[in-house]
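Below is one structure, written out as C-alpha cells, with a few remarks after it.
Just so it is clear: chains get the letters A, B, ... in the order the sequence lines come, proteins before strands, and each one is counted from 1. Just so we're clear, the structure is a prediction, and the values are computed from it rather than from any experiment.
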Amino acid sequence: MALTRAQVEGIAHLARLELDPAELPQYEQSLSRIVDFIGELERASTAGVAPMAHPLPGLAQRLRADEVTERDEHDLYQRNAPAVASGLYLVPKVIE
Amino acid sequence: MSTPLGTSVSADAGRRQGDAWETVIGLEIHAQLATRSKIFSGAATAYGAPPNTQACLVDLGYPGVLPVLNAEAVRMAVRFGLAIGAQIARQSVFARKNYFYPDLPKGYQISQYELPIVAGGTLEIVLEDGSRKRIGVTRAHLEEDAGKSLHEGLAGLTGIDLNRAGTPLLEIVSEPQMRSAREAVAYMKKVHTLVRYLEICDGNMQEGSFRCDANVSVRPAGSEKLGTRTEIKNVNSFRYVEKAIQYEVARQIELIESGGKVIQETRLFDPDRGETRSMRSKEEANDYRYFPDPDLLPLELEAAYIEAVRAELPELPDAKAARFSAQYGLSDYDAGVLTASRELADYYEAVTRTVPGQSKLAANWVMGELAAVLHKDGLEIGAGKLPAERLAGLLARIADGTISGKIAKEVFEVMWASGASADEVIASKGLQQITDTGAIERAIEEVMAHHPAQLAEFRAGKDKLFGFFVGQVMKATQGKANPAQLNALLKKKLPG
C-alpha cells in the first residue's frame, strides 16, 4: 500500500517533524515499504489468537506503594532547560 | 422563538425551549485521586508547592525512565467502581494518548482506552420534582494529569509548572442521559459527594481537584438521532457548569433556528462574560493515535483483591440517607441534606447519640442555626468550632425544659462566639426558664395591675388582647417564663 504525499506530510505534522520537501519522495517510498511489511501480518491466520496488549505473556503490571520517594531537584533538572524563570520552564507562547 | 444570548439566559431557559428542543448532556468528570505520590512516580502531589519542586525525571519525560503504577491509585479506582455497581476489569490496559503540548513533556498522556479499569455503573439523582433518575456511568479510567501553563507577566512566553503532571486522575464518563443543566449539576454533585465519602478525592474545586467537561447537544423533541455536540472544557464549579450548559443550549438552538449548523468543537466557558467561546487552538481535528503503552504491562486484579476492597467500603450516601429516614424519622429531604457529606452526617449522629430521642430537634438545629453560622463564617463542619457534644448539651436543655427554643437561640450565639458550654451560658446569664408556677403567677398579677384598661377590654370580649398579656409577661420575665405554663395560667387568671 503506497502512502500519498499528503499522508506523509500529515504524519510528519502529527510528530512535529519538519521535513525538507526534497526529502518527501524518499519518505513516501520508505514509509510505504514499512507499512507493506506490517501489512504482511494481515495475511497470517489469527483465528483463535487472543488480542495482546503486550508482548510479554503471563506477566502483569507490578505496583509500587504510595510513598513519596523523590526529592526536589529542580535546580539540577532546570540546568538542561533553555529558559527558566521563577522556577518555571519557559516555552514559546501557547495559544489560548 | 429566539432566545437572548449572554448572561441574560434565564435559569429555566432549557425547560422553556424544551417544548421544541431536547437537550442532551454527558459529563466527563476528572477527579484527582488523593494519593501522596504520583500515579507513575514517587514525586509528591501536595497542592501549592513552589513550581517544579514536585516534578521528578519520570514526570519530566526524561529518556530512559520507566513509569511504575501506584497501588493506591488502583485501589481508589476500584473503590469508586464498586460504589457505583460497575464491573471492575480483571485486566485493564494503559495506553498512550498522543498530543504535543508543553504541559505534558513526554508528548503523550498515559491513559486507558480500550480496556478501562471500571465499566458500566449507575448513579441515581433526585430531580426537582422529587422523582429519581438513574444516570449511567459508561466507564471510569485511570490517567495522569498534565502540568499547568501560566501566561501572566512572562512577556510573550508561557511558563510551565509540572508539579501537577503525573497526579493520578480518575476520569468518570457518563452516558449522554442528562436532559437539562440542572440534571447535569445534580449528577456532578452526586459524584462529588461520593468521591468524598470514599475518601478518594478531596473534592476541592478551587484547586482543580474535581472538574468537568460537558458534552452538550440539542435535537428536535421526539427525535432519536443525536445532534452535533460541542464539548465545554474544564469547568470547575457547579454554578459555572449550570451557566455554561444553559448558555450553550441557548446558543445552539438559536444557531439552528436561524438556519446555521452546530460545529463539533471544543469551547471554553468565560465566567466573567457568562459565555462559551470556541477554542481556536483545537480547531484541527484531534488525532490522538492511542496505542498500548509498551512501558506498562496489563494491570491484572484478582477476584480476592476486588472483594477485599469491597469489604472496606464505607456506608454510601444513598444507604446512609435511607437509614437516617428510617432510624431517625426524618423526611427524605432532611435525610438528604444531613448526608450530603460524611462529616455532616457523623456530626448529626454524634449529636443524636448524646441527646437520644431528639433526632428531629437535632436535625432542625444542625440544618438551621448551625448551618447558618457555618455559612456566615465560611467554615466547614469538620473545622470543629462547635463540637457535637456542645450542641447536644444545648438541645438537652431545650428538651428538659430549662430554656425555651427562643432563649436557646440566644444561648447558641454566645456559645458560638465564646466556646462556652450551654450550661455555662445559661448559668452566667441567668437564662433558666421560669417553671415555678408561683413566680409566673406573680408576674401575671403585676402585669394585670399595670394594664387595667387592657384587662377591662379583654374581659369585655376583646380576645385578641390575650397575646398582649403573653408578650407583657414574657417581657417582664426576660422571655424566661415557660410558654406552656404561662398560657395555661393566663387562661385561668385573665377572665377574673
- Do the non-hydrogen side-chain atoms of B:Leu268 and B:Ile232 ever get within less than 4.5 Å of each other?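 No; the side chains remain at least 4.5 Å from each other.
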- Message: In the structure I gave you, are the side-chain heavy atoms of B:Leu301 and B:Leu299 within less than 4.5 Å of one another anywhere?
- Response: yes
So which part of [X] gets closer than 4.5 Å to some heavy atom of chain B, the side chain, the backbone, both or neither?
X	answer
A:Glu73	neither
A:Ala83	neither
A:Arg62	backbone

Counting heavy-atom pairs under 4.5 Å to chain B, which of [options] comes out on top?
options	answer
A:Arg71, A:Glu70, A:Gln78, A:Arg64	A:Arg64
A:Asp75, A:Val91, A:Leu90	A:Val91
A:Asp66, A:Leu88, A:Val68	A:Asp66

- Message: I'd like to know if the side chain of A:Arg79 and the backbone of A:Leu76 have a donor-acceptor N/O pair within less than 3.5 Å.
- Response: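 No, A:Arg79 side chain to A:Leu76 backbone: no donor-acceptor pair under 3.5 Å.
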- Message: Please check: side-chain N/O of B:Asp270 versus main-chain N/O of B:Thr276, any donor-acceptor pairing under 3.5 Å?
- Response: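 Side chain of B:Asp270 to backbone of B:Thr276: no pair is present.
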- Identify whether the distance between the nearest side-chain nitrogen and carboxylate oxygen of B:Arg267 and B:Glu248 falls below 4.0 Å.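 Looking at B:Glu248 together with B:Arg267, the answer is yes, because their closest N to O distance falls below 4.0 Å.
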- Message: Checking B:Lys148 against B:Asp161 for the salt bridge (Lys or Arg N to Asp or Glu O under 4.0 Å) test, could you report, in this order, the C-alpha distance in whole Å, the side-chain angles of both residues, the deciding distance, and whether it holds?
- Response: CA-CA 5 Å; B:Lys148 282 183 184 164; B:Asp161 175 7; over 6 Å; no
Interface moiety of [X] toward chain A, non-hydrogen atoms closer than 4.5 Å:
X	result
B:Ser41	backbone
B:Val74	side chain
B:Val93	side chain
B:Ala55	backbone
B:Tyr62	side chain
B:Leu154	side chain
B:Leu60	side chain

- Message: Heavy atom to heavy atom, less than 4.5 Å: which residues from residues 103-115 of chain B reach chain A?
- Response: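 No residue falls under the 4.5 Å cut-off.
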Can you tell me if [atom1] on [X] sees more than 12 non-hydrogen neighbours from other groups inside 6.0 Å?
X	atom1	answer
B:Gln87	CD	no
A:Gln26	CD	no
A:Phe37	CZ	no

- Query: Does the ring of B:Tyr290 carry B:Lys97 above it, NZ/CZ under 6.0 angstrom from centre and within 45° of its axis?
  - Reply: no
- Give a yes-or-no answer on whether the side chains of B:Glu143 and B:His141 include a donor-acceptor pair shorter than 3.5 Å. yes
Solution key, residues 39-54 of chain A side-chain donor-acceptor pairs under 3.5 Å, sequence neighbours excluded:
from, atom 1, to, atom 2, distance (Å)
A:His54, ND1, A:Leu56, N, 3.3
A:His54, NE2, B:Pro294, O, 3.1

- Gap between atom CZ of B:Arg273 and atom OH of B:Tyr247 - 0.5 Å precision: 9.5 Å
- Query: For residues 56-75 of chain B, which residue pairs qualify under salt bridge (Lys or Arg N to Asp or Glu O under 4.0 Å), counting only residues two or more places apart or in two chains?
  - Reply: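 For residues 56-75 of chain B, and leaving out neighbouring residues, the salt bridge (Lys or Arg N to Asp or Glu O under 4.0 Å) pairs sorted by first residue read B:Lys38-B:Asp59, B:Glu72-B:Arg75, B:Arg75-B:Glu312.
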- Item | Neighbourhood of chain B inside residues 27-35 of chain A, taking heavy atoms under 4.5 Å as contact | none
- Give the member of B:Ile160, B:Asn98, B:Thr45, B:Leu296 that has the highest number of heavy-atom pairs under 4.5 Å with chain A.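 The residue among B:Ile160, B:Asn98, B:Thr45, B:Leu296 with the greatest pair count is B:Ile160.
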- Query: When the ring centroid of B:Phe40 is compared with that of B:Phe94, is the distance short of 6.0 Å?
  - Reply: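 Yes, the ring of B:Phe40 comes within the 6.0 Å limit of the ring of B:Phe94, centre to centre.
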